[in-house]
Every structure is written in structure tokens, then in C-alpha cells.
Number of protein chains: 2
Amino acid sequence: MKLERKDEILKYIVEEFIETAQPVGSKTLLEKYKLNCSSATIRNAMAELEKEGMLEKTHVSSGRVPSAQGYQYYLDHLDNSALMNSVDMEFQREFQEVLNSRSKSVEDVLSRSCQMLSEMTNMATVVLGPKATEELLVSLQLLRLTEKTAMFIFITDSGYVEKKTFVINNKDGVTFSALSTAIAMLSERLVGTKISELEGKAKALEPIFIQTFGRGGDVVLQAFLDALISFAKKRFQVYGQKNLLSLPEFSSDKESFLSAFDALQDPHNLEKNFAQHDDIGSNVNVAFTNDKKGDFAIVSKPLNSKDSIAIVGPKRMDYKRVLSALEYVVYMLDKYYFSTPASSSSLIPVSEVSNVEIMKENKKKPAKKVAKKGGKK
Amino acid sequence: MKLERKDEILKYIVEEFIETAQPVGSKTLLEKYKLNCSSATIRNAMAELEKEGMLEKTHVSSGRVPSAQGYQYYLDHLDNSALMNSVDMEFQREFQEVLNSRSKSVEDVLSRSCQMLSEMTNMATVVLGPKATEELLVSLQLLRLTEKTAMFIFITDSGYVEKKTFVINNKDGVTFSALSTAIAMLSERLVGTKISELEGKAKALEPIFIQTFGRGGDVVLQAFLDALISFAKKRFQVYGQKNLLSLPEFSSDKESFLSAFDALQDPHNLEKNFAQHDDIGSNVNVAFTNDKKGDFAIVSKPLNSKDSIAIVGPKRMDYKRVLSALEYVVYMLDKYYFSTPASSSSLIPVSEVSNVEIMKENKKKPAKKVAKKGGKK
DNA sequence: GGTTAGCACTCAACTTTTTGAAGTGCTATG
DNA sequence: CATAGCACTTCAAAAAGTTGAGTGCTAACC
């Protein structure tokens, strides 16, 4: 059996299955893709590919479906250099509009980017930030909201903001102004500390507090520490998870959708499947999960030094589309937001670039390589 | 036909349907509830109730299903005084634990409360805040994140925090310190302004900015205004929407779940069906929606002067359970968080109340009345 | 060796038929 | 006004039959 043809057949099967979500048969393959051989030959090739673990059958007389290994092989042999130029023009145009949109805050642009990614890929998109506990406290404030309520505001070095509102009751000398003093004191000592080390460091201040405020100081400190414990580990945003419901792999079976939904409720579970920041700027990472929580493909890429962006869906996804779209979006965001080349302009760089370039001929396409990364089996 | 019996039959039908989600027949009714009459009598009553618009049939020889009007009647005639005491003991115990939990910030307690409500009612729970645009700006800050990025932080009088990160590029004199001065200036003039009026008011400052900063000031101001425009209207949290998927009304039909999901993506659409704050502290409101977006019941109650909490699900929901749970939770939250009776204690009131009371015998049950409010038909 | 035509077999998916349970309305009677 | 009885309706689920896409294998062919 010619190796070349076998590869080709595998590729076609993967693509056909990606498109139709139906097991692929030898005849269909023959008709749709012009292979100059007969269906019997294709069947032979398929039998071999199955033996090699690239394909699977749903039942003895069904067509073939790619296995995880099959997808992996497909991904490893994708023509990456062509991907970047395959980004849909319409998408590029729309994305350009986002970059030129009125509000150019990182939050707004990122959120709209993700919505667009979700929409065009019909998958869920996740932006995953670093664990808040690994970040540094850069600001600790107290704000009076009403007569009886006050709000702590914690801000970390990557701009994560967490607020905690408390009810104050002017007893035991816990007045707003006392609180204010306490927080100023805490702020002075704790800004610059890693969140995870905050508790220990704050605890050490307890004697000072009790000395200064009496018993009330104790309570303040405890409340502060308690608030910290629930300091969100959730540094993520999920977009378009409802898209998954329209996919055949989830719509047929309620359970699987729910488990996908759950997994996306707390994507930190998926974190180990994300691209690492070590190789920032280089690769798109494709990982497959395979646990009780479900069976996903996670296509991810570091977005900047802290965050990653990922497209999450079933293994059967249009990788060409997904990889190229993600690559494109990250490239553009990086270019216009996260790096600031000398050539670019003032406060909001994009505002000056009235016509964001559209990549059609590849002049300076970024390095692109799909990295392997096996999910735990 | 005895009126009393008819009422009773309607009530049983509603409750049976709530429980089983199946059309209710005369025989079932007779067997399950001890009505001292025959099935034929029940049938006659049902025929009358149908004529009055309380019941509907799914097809000519099916059992009966309550109509919206039927539910309304049922709700109007619920024995409200008994509800408050019907809250599940286990739930009360668990809720007490939440109130006594380590972190007593309003955010944490509220979020856990809603999770509990969702879980016990198997519905979605929504906390809806006021429109951000109707609130006052109480703080406007600038924070340097990295060499190249800075973050605006807006805070409104109800403690809503919004952040916008921008990339700074030291050109045209737009340095961080210039920005800082600008924001200080803006802050001085704009704090206390209603968000919706901010834009106009800021615009008036443009000449001053241009004069002070030259062209750069212009850009800053514009960026600021643009960020405002996307200042989230979304002041809400949704919990447990995945529960809806397990309900027969949604699980059978993907479309209906999606429309429910969509409706919950932006609950401000549902806002008109929420309890009004005029009658704060008084009533639980039950409203039915009936539009293209779907068919829900919304059981809501003002939580404090700003926010409302609502349980959202299909019209077929266990109203006794839902009403009592919501009533209970809001009552407890109000008691320990939003009002601060003289009796209560220091910084975080609940921390002192080591054993939050459990209502078993009704001593001081709050005023309770179900308000009518027709959804638009 | 690789390729192909042909054939028997498998199995899921769809359609049709059958059956039974749950329900109603109506009528005559207590 | 309530009830027993009966004829009729409808849906849902099971059973039975039909179809079609797919396979593996064998024998022949280049």
C-alpha cells in the first residue's frame, strides 16, 4: 500500500468527519474526493489505518471515525504555513472593525475578540488568567458605600480587581474611620506581597492591630483575611459555551453537554492542557482531554505574559479554521496591544492606525507550528 | 357544582402537574388525593374549570394542564401564612452555615445564597442590580499596571466596579503622569455625577484638556468617554442556569433551552417582570413572561434598596418551595446584612450571632403576600 | 506485489403496524 | 347534584418490517 495514499486517505477521512460528523465510508470518500483508485482499495487502506490505531469504528459495519491518535497525526501533518493565509476575509474585516472600535480598552477588545472567535468557530472560547494567588497585591483600598456598608478593593499587578463589601456596625469602636486607619496600615505593609503570602504576613500584624484598636482590630483583620481566602481563583472568562449545544456531539446527549458546561464553569481544571507561557509567541497548542469530565480538544495560545486564550470544543472541530483564527487574533492583539513597536503611536495605538492591515499575501506571517501535547489518557 | 370542591380540584391539579409534569387525569386525581366523589364528578368539575380558562388540554382526550390563569389563581389562593414555616430544615441549617461562614462579605454570602437557592429549587437564580447608567460615580482612579499599560477604575455608589485597561505609548506627551493629572482633574469634576450624564459633562471639559495637554488631552478624554459607552449595563449575576436543562420543559427541546439561556444572558430584558423597589420589604412578586423569548415564571423580591433577587424557571415550578425559600433567604439576608437593628453587633454582624436562629415555630414571620402581576400576554 | 470487482453479511435508522393505557364526553339512573 | 357505565379518542411504546450504507473477504487481474 502506497504510504502517500494512506496519508491522504486519513486526511480526507478526518476532514470529512469534521465536516459531517458522520462515520466516513469508502464509497463516500471515493465520490467526494477524487482518488484514482477503487472503493475496495480505500477499504484496504482503512483497514490498515485502523490496525495502526488511527481510525475507529462505531460498530462492525459502520464507516470510520478518527481516533485521538488520528487527529493528532492529522494535526502534526497540517500544512501550517498555509493556515495563516486562510483566515476568512470577512472575519478579518470584522475583526479590524473591533480593533478600530470606539472603546479600545483591553477588556472590551478582548471580549469582543472572543465573541467573534466563538461565533466563527462555533466553539467556546476561554480567556484564562494567572491564578490570583500567584499575583502581587498592588492596591488595597477601602471605600464607604453607605452609612452602614464599606467595600474593600484589592487589585493585583495584572489588573485583577476584587471587591468585598461588608456591613459596618458602629460598635466596639469599629467605625469607618478606624477601619480606614487599619486599611491604610495594612496597605502600607502589604502592597507588593504575593496574594498567597498575604495571609501569613497579615497574621503577623495582629498584635499591632489589637494594640491599636483593641478587640475591634482583631475583627477587622479576621474579616480581611476571610475575604482573602475566597479571593477568587477564577481568573477567566468564557464565551459562547452555548454554541456547544448546537454540535451533534453534545446536543444528542444531555449529560455530555452538562459535563462540558461544568468543565467550562471552572476552566482552571483545564489549565494543565493550556499552552505554557514558556514558549510565548511561538506555538499554538492542541491538547485533548480524556477524563470523566468529558472529551475535549483545547486549542490554546499565550496571549501575553499572563493570559492565555483557548478555543474549547469536541475533538471533532475544524482545526484549520480554529487554528488560523486563533493564530490571527492573537497575532493581531499582540501586535496592536501587547507589544508596542517603536513605529506605533500615542495612547491607544490602534486609533492611529486607521487601516489595520489585512493579511492576504503573507509578508510577515508569524512563526507557526503546532505543538504536540498529549492529554492524559 | 360545589365551589369549594372545584377550588380544591384545581389546586390538586396544579400540584400534581407541578410534581409530575404530566397532564392530570380524573382517575389519577381520585386515587392520589382522597376526594370523596367519583371520577365522573371530577371530570365535570374539570370541564367547568376548562371553560373558565383555568385548565387546558394538550389534545382532546388528554388529561388537563393548568393554564397561566390557573397558575395565577393557584398563587392567589395559596396559604401564604403557612409558607414561611415550610422551609426545609436541612436547607435552613445549610443556610445558617453560609451566614456563619468565614468570609462574610456581601458578595460571598450573596453568591452562596444564590447557589443554594438554585440547587434547592432546581431553577436559575438571578441577582439584578440597578442599571449602572442610573448610578453615581463615586470614584475614578488611574492605576499603572506595567510600563505600557494603565487601568482606569470606575466605581459607582452601589459598589459596582468597572475597569478599563489601556496601552500607553509615550508619544505626543501622553505620559503616565500627564494621564494621572488628567484623571485627577476629571475625578474632581465628575465624582458625584450620574453615569448617564457623565458623557455630556466630560465633553464640556474638552477645551480645558486641550489647553492643558495639547492634542494628547483630547485623546485621553476621548478614550475615557469611549470606555464609558461600554460601561456595562450588565449589573447581574446568574446562577444555576444549567439546572433548567434537567427540566422536562427544556430538556426535550433544545430550542427552548437556548432561548432560556439567551434570556438569562441578559436578564435586563426580564427586568420589567421583576419586583419593583417601591414596595420593598413587602411582597414576593410572581410574573409570567409570554413572548418569543420563551415562557417563564419569574419569582422575585427586592433584596435591598438597589438589587433584586429572582428565581427563574418554567411556569411549572414548585411555588410553595420557591416562594418560601426566596422569602426565607431574603428575610435572613435583610435581617443580618441589609438592616442593622440596634441589637446586632460589630463589624460583621453575623459573626457574633454564633447561632443564627432557625425558624421552626413562627414567632416573627415577616409580612408575606403574593402580589399579582400579569406578564404581557 | 498492489488493485479491483463482486458478493454475502451486518447493523443502525427509518417506517409502519399493533397494542394498550389513560383519558374524555355523554347518558341514564339514584 | 353525583355517579356508574360505555363508546370513543389519542398518544406512546413496542414490535415488525424495510432500507441503505457500510464492511470483509475472495478470486481475478495487471
Side-chain angles (χ1 to χ4, degrees), chain A residues 1-10 12-14 16-17 19-67 70 248-249 251-253, chain B residues 1-10 12-14 16-17 19-67 70 248-249 251-253:
Chain A
M1 174 65 64
K2 272 197 291 186
L3 219 145
E4 201 179 293
R5 179 188 286 153
K6 232 164 76 177
D7 272 18
E8 204 179 12
I9 287 174
L10 177 57
Y12 288 152
I13 291 176
V14 172
E16 179 69 13
F17 183 67
E19 195 185 325
T20 64
Q22 296 297 324
V24 184
S26 54
K27 222 168 176 177
T28 326
L29 218 51
L30 185 60
E31 278 162 25
K32 195 146 168 188
Y33 306 84
K34 57 233 167 276
L35 291 156
N36 45 355
C37 67
S38 76
S39 68
T41 310
I42 297 177
R43 280 203 291 283
N44 288 336
M46 283 159 107
E48 286 183 44
L49 285 165
E50 188 177 356
K51 214 164 283 169
E52 292 164 28
M54 296 297 191
L55 298 179
E56 286 167 0
K57 280 195 281 193
T58 58
H59 59 90
V60 314
S61 77
S62 75
R64 301 309 208 290
V65 161
S67 66
E249 20 278 282
S251 68
S252 56
D253 161 28
Chain B
M1 174 64 65
K2 273 197 290 186
L3 219 147
E4 201 179 292
R5 176 187 288 152
K6 232 165 76 179
D7 272 17
E8 205 180 10
I9 287 175
L10 176 57
Y12 288 151
I13 291 176
V14 172
E16 178 70 13
F17 183 67
E19 194 185 325
T20 65
Q22 296 298 324
V24 184
S26 54
K27 224 169 176 178
T28 327
L29 217 52
L30 185 60
E31 277 162 26
K32 196 145 168 189
Y33 306 84
K34 56 229 166 279
L35 290 157
N36 46 355
C37 65
S38 76
S39 68
T41 310
I42 297 177
R43 279 204 291 283
N44 288 336
M46 283 160 109
E48 285 183 45
L49 285 165
E50 188 177 356
K51 214 163 285 169
E52 291 165 28
M54 297 297 191
L55 298 178
E56 286 167 0
K57 280 195 282 194
T58 58
H59 59 88
V60 315
S61 78
S62 75
R64 303 306 209 290
V65 161
S67 67
E249 20 279 281
S251 68
S252 56
D253 160 27

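All values below come from the heavy atoms of this structure, side chains included, with hydrogens, waters and symmetry mates left out. The structure presented is a predicted model; accordingly, all values stated were derived computationally and were not measured.
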N/O (side chain, [X]) to phosphate O (OP1/OP2, [N]) under 4.0 Å:
X: A:Thr28; N: D:dG22; result: yes
X: A:Ser26; N: D:dT23; result: yes
X: B:Lys57; N: C:dG25; result: yes
X: B:Arg43; N: C:dC26; result: no
X: A:Arg64; N: D:dT23; result: yes
X: A:Thr41; N: C:dT4; result: yes

**Closest non-hydrogen atom pair between A:Ala45 and A:Lys6, with its separation** = CB-CG, 4.1 Å
**Minimum-distance pair of heavy atoms, taken over all atoms of A:Ser67 and A:Glu56** = CB-OE2, 3.4 Å
Can you check the [X] [atom1] to [N] [atom2] distance for me, whole Å?
X: A:Leu30; N: D:dA21; atom1: CG; atom2: C1'; result: 14 Å
X: B:Glu31; N: C:dG23; atom1: CD; atom2: C1'; result: 13 Å
X: A:Glu48; N: C:dG1; atom1: CD; atom2: P; result: 12 Å
X: A:Lys32; N: D:dG22; atom1: NZ; atom2: P; result: 12 Å
X: B:His59; N: C:dA22; atom1: NE2; atom2: P; result: 13 Å
X: A:Asn44; N: C:dT4; atom1: CG; atom2: C1'; result: 9 Å
X: A:Leu29; N: D:dT23; atom1: CG; atom2: C1'; result: 14 Å
X: B:Leu35; N: D:dC1; atom1: CG; atom2: P; result: 18 Å

**Request:** For B:Val60 and for B:Ser38, locate the closest nucleotide of DNA chain D by heavy-atom distance; then report the residue assigned to the nucleotide nearer the 5' terminus.
**Result:** B:Ser38
**Request:** Decide whether A:Glu16 and A:Tyr33 meet the rule of one side-chain donor and one side-chain acceptor closer than 3.5 Å.
**Result:** yes
**Complete:** Residues passing the side-chain hydrogen bond (donor to acceptor under 3.5 Å, both in side chains) test with B:Ser62, sequence neighbours excluded, are B:Thr58
**Request:** State which of C:dG23, D:dA4, C:dT3 makes the closest approach to the side chain of B:Ala40.
**Result:** D:dA4
**Asked** What nucleic acid atoms does A:Ser39 come within less than 4.0 Å of, heavy atoms only: base, sugar-phosphate, or nothing?
**Response** nothing
**Interatomic distance, A:Met54 atom CE to A:Asp7 atom CG [nearest 0.5 angstrom]** = 8.0 Å
**Request:** Test A:Glu52 against A:Leu49 for side chain to side chain contact (heavy atoms under 4.5 Å, CB included), laying out the working first.
**Result:** CA-CA 5 Å; A:Glu52 292 164 28; A:Leu49 285 165; 4.1 Å; yes
**Request:** Please identify each residue that fulfils side chain to side chain contact (heavy atoms under 4.5 Å, CB included) with A:Ser39, with sequence neighbours left out.
**Result:** A:Ser26, A:Leu30, A:Arg43
**Request:** Would you state whether a donor and an acceptor, one from the side chain of B:Ser61 and one from the base of D:dT9, lie under 3.5 Å apart?
**Result:** yes
**Prompt:** Heavy-atom count around A:Lys27 NZ within 6.0 Å, excluding the residue itself: above 12?
**Reply:** no
**Request:** Take the C1' atoms of the five end pairs on each side of the helix from C:dG1-D:dC30 to C:dG30-D:dC1, get both axes, and report the angle to 10 degrees.
**Result:** 20°
